[in-house]
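See below for the structure under consideration.
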Amino acid sequence: MFMYDLIEKKKEKKELTKQELYDLINGYVKEEIPDYQMSAFLMAVCFQGMTERELLDFTMAMAESGECLDLSKISGYKVDKHSTGGVGDKTTLILAPMVAALGIPMIKMSGRGLGYTGGTIDKLESIPGLKTALSEKEFLDQVERIKIAVTSQTKTLAPADKKLYALRDVTATVDSLPLIASSIMSKKLAAGADVLVLDVKTGSGAFMKTQKEAIHLAQEMTSIGIKAGRTTYAVITDMNQPLGYAVGNALEVKEAVGILRGEIGAKDLLEDCLILGSYLVYGAKRATSPKEAKKLLMETITSGKAYEKFEELVMTQGGDLHTIRDLDLLAPASIIQEVTSKEEGFVTSFSTGELGMVSLMLGGGRTKKEDSIDPAVGFWLKKKLGDPVKKGEPLAVFYANSKEKLERAKERFFQAVQISKEFKNPPKHWYGAITEKGYQEAETIEKDFVL
Ligand code: URA
């Protein structure tokens, strides 16, 4: 009867108490509440939402449904970054060593890719030998010793979210703001960092298609983080085109290494890393302003310290360093083919989610959790939004291990790229941030970042 009453209450938009929300989550984890009743409750949340107080209690109940990481043995402010997911998003691979090179402990529990979005764990696993399933002790010892560790999420971290997410996935209840915010924040809170930076992506390759939705989600999440006692910032970044040039697991590692070595530079990618990283460094009180934080981060690239830290991470987690020092050895593909433009004009739009599907079709992603992936495949864009292109000029270079898959992926690629005679301004790479000053547009904040 208890669960029936809670569903009824939510259906009528009445506020649930903290005790009711904890009983709901704990009952579900213990399998005392069946999926059909939880589904009804989730659907009621989709229509009626949650009050701020309910959202915080619901999130805390999920965070406390399993083990929370105890980071107290690690000295200093511990920091963590979360991205809501996108295509070509390799910011963690760049940002984490930059921040750790400044002596700030970087706690990174990452996920695998699903659908068109990639995952940091899959990218790192393209490095032969690299272990991504660290025990809690290994993880904490490594962070204490070298200030950085990247591991896949343990089964005991926020188990309520794992169960709820699987249920939401099959009951059309994924796209509810409070459910997304509580799902993400429960895992972040359980992972224990003091400072959180949330990278909320918006655009054709993101969960949140509009800026308005992205800002709203960012506000919900920062509010939960702050009320839970964590320093929390959110940055709204663009996903109307892949971030950087590379899409595909090993290719993205190669691009990240290039940036860390200061050799190549996709401007949007480096700038995103600097902005997200500045808030981590500033939040950890290692700098007195985001501007000073940005300067310190830039120096980790020019001094080579960020790249050294990346090598240290790879070596410590058992990865083959030869493949990083000579990137040609890292997951080579058997077919490398340029894809050229059929017309002249300007690149005016990408269906970015579709570009993620192109990489998936080549074998670089998964549609089901159990699917295995080919680290070598993907593509390297040669043109980004706003670039002029001539007929016959390369739009991208494809890396494949199957001719058949390559042909199908190329077809889908052409459908995802729009070339027009008229130039159209490319989108900004970020739109704004939520800080202690509330939401501010990028134009206002950029002044704080000019070196
Ligand atoms: N990522 C999550 O972890 N949870 C959601 O609900 C959506 C995206």
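These numbers come from the heavy atoms of this one structure, side chains and all, not from hydrogens, waters or symmetry mates. One-based numbering, in listed order, for ligands and for the atoms of each. It should be emphasised that the depicted structure is a prediction, and the values quoted were computed from it without experimental measurement.
Shown in contact with Phe207 at under 4.0 Å from a heavy atom are these atoms of ligand 1, numbered in order with element: 7 (C), 8 (C). The distance from ligand 1 to the heavy atoms of Ile184 drops below 4.0 Å at these ligand atoms: 1 (N), 2 (C), 3 (O), 4 (N). Near Tyr165, with a cut-off below 4.0 Å to any heavy atom, the atoms of ligand 1 are 4 (N), 5 (C), 6 (O), 7 (C). Numbered from 1 in the order shown, with element, the atoms of ligand 1 that lie under 4.0 Å from a heavy atom of Ser183 read 2 (C), 3 (O), 4 (N), 5 (C), 6 (O).
A donor-acceptor contact closer than 3.5 angstrom links the side chains of Glu213 and Thr210.
Of all protein heavy atoms, the one lying nearest to atom 3 (O) of ligand 1 is Lys187 NZ, 2.4 Å.
The closest donor-acceptor contact from the side chain of Asp194 to the backbone of Lys78 lies under 3.5 Å. No side-chain donor-acceptor contact under 3.5 Å links Arg112 to the backbone of Gly119. Remark: the backbone N or O of Thr132 is paired with a side-chain donor or acceptor of Thr151 at under 3.5 angstrom.
Between Phe413 and Phe379, the ring planes are perpendicular. Angles over 60° get that label, and only those under 30° would be called parallel.
Considering backbone and side-chain atoms together, Asp161 places no N or O closer than 3.5 Å to any N or O of ligand 1.
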